[in-house]
Q: 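Input: one structure, supplied below.
Protein chains get the first letters and strands the later ones, always in sequence-line order, with residue 1 at the start of each.
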There are 2 protein chains.
Amino acid sequence: MPTPERTTLAEIVAAARELLELGGPAHITMQAVADRVGVRPPSLYKRVRDREALILLVAEATVEDIGARLRASDRTLAELARVYRAFAHERPEGFRLVFAASGAAESMGRAVAPVLEATRALVGEERSLDAARLFTAWATGFISMELAGAFRLGGDIDAAFEFGLERLEVGLHT
Amino acid sequence: MPTPERTTLAEIVAAARELLELGGPAHITMQAVADRVGVRPPSLYKRVRDREALILLVAEATVEDIGARLRASDRTLAELARVYRAFAHERPEGFRLVFAASGAAESMGRAVAPVLEATRALVGEERSLDAARLFTAWATGFISMELAGAFRLGGDIDAAFEFGLERLEVGLHT
DNA sequence: ACCTGAACACCGTTCAAGT
DNA sequence: ACCTGAACACCGTTCAAGT
């Protein structure tokens, strides 16, 4: 006689994401995830290959969320940058994980499609990919450094972000 | 009667850095480090508080190396960017760790001093910090995304880097 | 003063036995 | 068909005992 299913993959991933934001990747233990979904650790292996696969799922869910936010914005370069940064401030650990978990950053390609459209309008088809890379590299680096506490010399960080945005737009106008 | 010292902190950090490049942070186990320096794991705790402290030392040694490379370059913005990227290609795991290990990115401030000098010459004292942040954010983000495999849409990555460099310099000229 | 074996807590994972 | 207790391997860390 079959045992009723006591959890789902979606629940497991959601639990892992909560644990991630609570205490970083080290906080995602199979025991802690199992506790949150009301099951014993071995049961998790019915839905997920192993811990590494679960962490990849968490990273991919985060990329999905980022993509949805970008698509929901007005899709100007400036707004895309601000929305991206706002997401990272909301879910700093998730943001970090995307570029740390091997294999997760790869799915960023689709998520940043709106950036590619915005740069195409700005610099034309020919240079749109290079321009999108310049723009996403800057935004990603800025946020990573900000989250890592790498900006130690004072100054207004928000203003530095707006400065970067403005100068990038200047640089991209031919 | 005192036992002779069988290793040193420098040796331990060097061993940990080798293990890091060999297999990522997970490869830095106290057992593996102890094996490499010819000692038993408990002895490591005479030189290092715990594994986390060791990993921070590894990240800080990496930042020191980056700083030395930057200072040894011709210190133009373009060369600083290229030297920074070349270092990351040589020691990808070390580079990643600097922005992942909590507390390590903080020491980047001093290492990137040459960037601040270069931007000061370019945009003046007033805007030099914002400009340095724009520049280091772009370079750091580009390299992080490159190492993470985030550039999936083809195109010439080296050319994209040079494109970014050129447009940033344009954007920073007033 | 440093080094070590033994021990402990904790974690990921497997598997046979339950329903 | 999913769930679980028991077991195993592995890892970080402590500590008393050795020299």
Side-chain angles (χ1 to χ4, degrees), chain A residues 1-61 93-94 96-97 100-104, chain B residues 1-61 93-94 96-97 100-104:
Chain A
M1 202 205 284
T3 310
E5 307 192 353
R6 247 163 263 199
T7 187
T8 63
L9 179 59
E11 251 185 3
I12 290 169
V13 173
R17 292 182 77 179
E18 289 168 21
L19 288 163
L20 175 68
E21 294 304 332
L22 247 41
H27 232 65
I28 306 181
T29 67
M30 300 306 265
Q31 177 67 63
V33 172
D35 281 352
R36 286 208 159 222
V37 301
V39 107
R40 300 290 175 178
S43 297
L44 299 176
Y45 293 85
K46 285 283 150 182
R47 328 260 176 203
V48 129
R49 192 165 38 80
D50 54 19
R51 182 175 178 272
E52 194 185 329
L54 173 56
I55 284 176
L56 186 57
L57 288 172
V58 168
E60 277 166 355
E93 294 292 345
R96 254 196 282 262
L97 187 63
S102 68
Chain B
M1 200 206 282
T3 312
E5 307 191 355
R6 247 163 263 197
T7 186
T8 64
L9 180 59
E11 250 186 3
I12 289 169
V13 173
R17 292 182 76 178
E18 289 168 21
L19 288 163
L20 176 67
E21 294 304 332
L22 248 40
H27 233 66
I28 306 182
T29 66
M30 300 307 264
Q31 177 67 63
V33 171
D35 281 352
R36 286 207 160 222
V37 301
V39 108
R40 300 289 174 178
S43 297
L44 298 177
Y45 294 84
K46 284 285 150 181
R47 329 259 174 202
V48 130
R49 191 165 39 80
D50 55 20
R51 180 175 179 272
E52 194 184 331
L54 173 56
I55 284 176
L56 186 57
L57 288 172
V58 167
E60 277 166 354
E93 293 292 345
R96 253 195 283 261
L97 187 63
S102 69

Q: Verify the neighbour count for atom CD of E52(B): are there more than 12 heavy atoms of other residues, nucleotides or ligands below 6.0 Å?
A: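 No, not enclosed.
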Q: So, is S43(B) close to the dT4(C) phosphate, meaning a side-chain N or O under 4.0 Å from OP1 or OP2?
A: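 So the side-chain polar atoms of S43(B) do come within 4.0 Å of the phosphate oxygens OP1 or OP2 of dT4(C), strictly under.
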Q: Could you state the NZ-P distance from K46(A) to dC3(D), rounded to the nearest angstrom?
A: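 In whole Å, dC3(D) P and K46(A) NZ are 8 Å from each other.
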Q: What is the separation between atom CZ on R51(A) and atom P on dC11(D), rounded to the nearest whole Å?
A: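 Checked: the CZ to P distance equals 14 Å.
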Q: By nearest atom, which of the nucleotides dT13(D), dT4(D), dT13(C) is closest to the V39(A) side chain?
A: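 Side chain of V39(A) sits closest to dT4(D).
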Q: Give the intermediate values and the outcome of side-chain contact (heavy atoms from CB on, under 4.5 Å) for residues R36(B) and L19(B).
A: CA-CA 9 Å; R36(B) 286 207 160 222; L19(B) 288 163; 3.8 Å; yes
Q: Using a 4.0 Å heavy-atom cut-off across all strands, classify I28(A) as base, sugar-phosphate, or nothing.
A: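 If one applies the 4.0 Å heavy-atom cut-off, I28(A) turns out to touch the sugar-phosphate alone, with no base involved.
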Q: Between E93(A) and P25(A), is there a side-chain heavy-atom distance shorter than 4.5 Å?
A: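 Side-chain contact under 4.5 Å: yes.
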Q: Does DNA chain C take part in any stems of at least 3 consecutive Watson-Crick or G-U pairs (both distances under 3.5 Å), and if so, which ones?
A: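 Expected stems, ordered by start: C:4-8 with D:12-16, C:12-16 with D:4-8.
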Q: Could you walk me through whether T7(B) and R47(B) satisfy the side-chain contact (heavy atoms from CB on, under 4.5 Å) test, starting with their C-alpha distance in whole Å, then the side-chain angles of each, then the deciding distance to 0.1 Å, before giving a yes or no?
A: CA-CA 9 Å; T7(B) 186; R47(B) 329 259 174 202; 3.9 Å; yes
Q: Please tell me if R47(A) has a side-chain N or O lying less than 4.0 Å from either OP1 or OP2 of dC3(D).
A: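 For dC3(D), OP1/OP2 do have a side-chain N/O of R47(A) under 4.0 Å.
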Q: What's the closest nucleotide to the side chain of R6(A) if the choices are dT13(C), dC2(C), dT4(D)?
A: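 When the side chain of R6(A) is considered, dT4(D) is the closest of dT13(C), dC2(C), dT4(D).
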Q: I12(B) pairs by side chain to side chain contact (heavy atoms under 4.5 Å, CB included) with which of L44(B), V39(B), L57(B)?
A: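 Result: among L44(B), V39(B), L57(B), L44(B) is the only option passing the side chain to side chain contact (heavy atoms under 4.5 Å, CB included) with I12(B).
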Q: How long is the straight-line distance from CG of D35(A) back to CE of M30(A), given to the nearest 0.5 Å?
A: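 Nearest 0.5 Å value for the CE-CG distance: 12.5 Å.
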Q: Closer than 3.5 angstrom, by distance alone: can the side chain of R51(A) be matched with the main-chain N or O of I28(A) as a donor-acceptor pair?
A: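 Yes; at least one donor-acceptor contact below 3.5 Å.
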Q: Among the nucleotides dT14(D), dC2(C), dT13(C), which one has an atom lying closest to any side-chain atom of Y45(B)?
A: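 Within the option list, the nearest is dT14(D).
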Q: Distances under 3.5 Å only, N/O to N/O: pair up the protein atoms with those of nucleotides 5-8 of chain C.
A:
| unit_1 | atom_1 | unit_2 | atom_2 | d |
| --- | --- | --- | --- | --- |
| dG5(C) | OP2 | R40(B) | NE | 3.2 |

Q: Mind checking L44(B) for me? I need base, sugar-phosphate or nothing, with any heavy atom below 4.0 Å counting as a touch.
A: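 No contact.
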Q: Checking contacts here: which listed nucleotide (dT13(D), dG18(C), dC11(C)) is nearest the side-chain heavy atoms of T3(A)?
A: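 So the side chain of T3(A) is nearest to dG18(C).
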